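Structure record follows, encoded as structure tokens.
The chains referred to below are lettered A, B, ... by the order of the sequence lines, with proteins before strands, and numbering in each begins at 1. Not measured: the values here are computed from a predicted model.
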Protein chains: 2
Amino acid sequence: MALSEKQRQLIEEIGIYHENNGFQPAVARVMGLLLVSNTPELSFDEISETLNISKSATSNALNMLLNTGHIEYTTFSGDRKRYFRIRSSNWRDHFAKKMEDLSVLNCLLKKVLEVRKRENPMYDQKLNDFISFLDYMKGELPRMIEEWEKTRS
Amino acid sequence: MALSEKQRQLIEEIGIYHENNGFQPAVARVMGLLLVSNTPELSFDEISETLNISKSATSNALNMLLNTGHIEYTTFSGDRKRYFRIRSSNWRDHFAKKMEDLSVLNCLLKKVLEVRKRENPMYDQKLNDFISFLDYMKGELPRMIEEWEKTRS
DNA sequence: AAATTAGTTCTGTAAATTATGAACCAATGA
DNA sequence: TCATTGGTTCATAATTTACAGAACTAATTT
């Protein structure tokens with residue numbers, strides 16, 4: 001696998017991005033490589049060798065990414081290897097997960113208001129505001145996505 | 001600090017949420033406590049004792065949260081203690097950070113298209129779609145927030 | 001049947017993270 | 001001036017994580 005210096009750097013940047021999203025380093029680099037490489041589908045060995053990670057780490061990373069639906073693989077008849085690539089739905093899912101996370105937060109904040117008794121209701125106003133903002137966002141987002149679909153068809 | 005069982009559980013839930021957002025456990029619990037406690041402002045000792053974390057861990061957690069702007073404190077004349085509370089702008093900032101993170105991703109994806117040469121341009125289409133979706137979102141979001149402001153005034 | 005391929009699984013461990021407790025310090029109070 | 005309060009800093013201990021390397025397996029090829 002020949003990669004330019006720029007490509008290698010970008011793999012690291014993408015790696016760090018994904019580390020910050022909770023992936024372990026090797027897993028994050030695999031995502032980076034699959035995105036940045038000139039060929040979209042890479043074999044186990046190509047990944048392992050290009051990133052200089054052991055077979056076990058490669059195996060774990062690929063299985064983790066397969067299980068979480070971030071990647072998938074194809075095969076070719078007469079070739080025992082699997083060729084891994086990023087799932088095309090990956091980015092939409094990534095976005096959805098971010099939104100889902102805000103929804104989890106919203107749920108927690110609603111519980112907060114149920115569970116505590118603040119002497120000072122003024123202080124809760126801001127929290128209520130944010131909760132209703134998140135509710136509003138959640139309601140409007142689908143419409144917004146639909147709007148976007150329209151602009152491009 | 002008297003806390004109900006429900007409150008303690010919720011502190012843990014909020015703690016885990018914040019751990020998943022990159023906070024260390026003790027820091028995440030402090031955020032949970034400040035949110036869930038009946039009184040919005042708590043002293044160093046109240047935090048340390050209620051959460052059963054050492055003074056040093058409490059000190060580190062509070063300073064970390066102060067530095068990152070998640071909490072602030074007030075003082076009262078004739079009382080040497082500081083009373084810590086969540087900054088009211090915290091939730092808006094949290095939301096902004098999530099959006100900013102998507103913007104970082106978008107920037108990385110644009111670099112991807114610059115850096116690699118894919119034989120198969122079909123495969124890049126999906127990526128381009130997602131990039132323009134994020135661009136669209138980034139453009140529309142401020143308008144959407146403004147819209148929300150209107151609904152509540 | 002033996003060797004090779006394409007991985008997987010199982011320790012072991014280096015490194016990083018997270019928290020503790022003790023010592024410390026500066027400001028206030030007795 | 002001595003003790004106490006409200007913390008901070010440091011060394012270190014306890015986990016946790018993240019990976020390498022070796023042994024293993026099931027399918028294929030020779």
Side-chain angles (χ1 to χ4, degrees), chain A residues 1 8 11-12 14-34 39 41-68 70-85, chain B residues 1 8 11-12 14-34 39 41-68 70-85:
Chain A
M1 257 276 72
R8 293 207 170 270
I11 289 171
E12 291 308 309
I14 293 167
I16 288 167
Y17 176 83
H18 279 121
E19 279 185 48
N20 291 334
N21 276 267
F23 285 16
Q24 63 195 75
V27 176
R29 298 306 177 283
V30 171
M31 286 296 284
L33 173 59
L34 289 177
T39 53
E41 289 161 357
L42 297 179
S43 72
F44 187 104
D45 283 339
E46 283 172 320
I47 293 166
S48 175
E49 282 163 24
T50 310
L51 294 176
N52 284 306
I53 54 182
S54 66
K55 282 172 66 169
S56 53
T58 306
S59 176
N60 288 333
L62 290 174
N63 285 321
M64 190 274 184
L65 290 170
L66 284 169
N67 288 332
T68 53
H70 288 92
I71 64 171
E72 62 191 358
Y73 63 83
T74 18
T75 51
F76 300 97
S77 68
D79 184 350
R80 210 139 58 89
K81 285 186 181 111
R82 291 178 293 174
Y83 292 85
F84 300 91
R85 65 173 175 233
Chain B
M1 259 273 74
R8 293 207 171 271
I11 289 172
E12 292 307 310
I14 293 168
I16 288 167
Y17 176 84
H18 278 122
E19 278 185 48
N20 291 335
N21 277 268
F23 285 18
Q24 60 196 76
V27 175
R29 299 305 177 283
V30 171
M31 285 297 283
L33 173 58
L34 289 177
T39 53
E41 288 161 359
L42 297 179
S43 72
F44 187 104
D45 283 340
E46 283 173 321
I47 293 166
S48 174
E49 283 164 23
T50 309
L51 294 176
N52 284 307
I53 54 182
S54 65
K55 283 173 65 169
S56 51
T58 307
S59 176
N60 288 333
L62 290 174
N63 285 322
M64 189 275 187
L65 290 170
L66 284 169
N67 288 331
T68 53
H70 289 91
I71 63 170
E72 60 191 358
Y73 63 84
T74 18
T75 51
F76 300 98
S77 68
D79 184 349
R80 208 139 59 88
K81 284 188 183 107
R82 291 179 293 173
Y83 292 86
F84 300 91
R85 64 173 176 234

Nearest-angstrom distance from the residue atom [atom1] of [X] to [atom2] of [N]:
X: B/Leu62; N: D/dT8; atom1: CG; atom2: P; value: 8 Å
X: B/Arg82; N: D/dG7; atom1: CZ; atom2: C1'; value: 7 Å
X: B/Leu42; N: D/dG6; atom1: CG; atom2: C1'; value: 16 Å
X: B/Glu49; N: D/dG6; atom1: CD; atom2: C1'; value: 12 Å
X: B/Glu46; N: D/dG7; atom1: CD; atom2: P; value: 11 Å

Are any non-hydrogen side-chain atoms of [X] and [Y] less than 4.5 angstrom apart?
X: A/Met64; Y: A/Val30; result: no
X: A/Thr50; Y: A/Leu42; result: no
X: A/Lys55; Y: A/Phe44; result: yes
X: A/Leu34; Y: A/Ile47; result: yes
X: B/Arg29; Y: B/Ile53; result: no

Inset, instruction - Could you tell me whether the side chain of B/Asn21 and the main chain of B/Tyr17 form a donor-acceptor pair under 3.5 Å? - result: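 Such a contact is found between B/Asn21 side chain and B/Tyr17 backbone.
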
Inset, instruction - Taking all heavy atoms of A/Lys81 and all of A/Thr75, pick out the closest pair and write down the distance. - result: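 For A/Lys81 and A/Thr75, the tightest heavy-atom pair comes out as O-CG2, 3.8 Å.
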
Legend entry - Outermost DNA chain C nucleotides near chain B [under 4.0 Å, heavy atoms]: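 On DNA chain C, the outermost contacted nucleotides are C/dT18 to C/dT28.
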
Sort me out a list of protein N/O and nucleotides 18-25 of chain D N/O pairs below 3.5 Å, or just none if empty.
unit_1	atom_1	unit_2	atom_2	d
D/dC19	OP1	A/Ala26	N	3.0
D/dC19	OP2	A/Gln24	NE2	3.3
D/dA20	OP2	A/Ser54	N	2.8
D/dA20	OP2	A/Ser54	OG	2.8
D/dA20	N7	A/Ser56	OG	3.0
D/dG21	N7	A/Ser56	OG	3.4
D/dG21	O6	A/Ser56	OG	2.8

Legend entry - Under the side-chain contact (heavy atoms from CB on, under 4.5 Å) test, residues paired with A/Glu72 that sit two or more places apart: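 Counting only residues at least two positions away or on another chain, A/Glu72 forms a side-chain contact (heavy atoms from CB on, under 4.5 Å) with A/Arg85, A/Arg87.
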
Inset, instruction - Check whether any side-chain nitrogen or oxygen of B/Arg80 sits under 4.0 Å from OP1 or OP2 of D/dG7, and answer yes or no. - result: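 No.
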
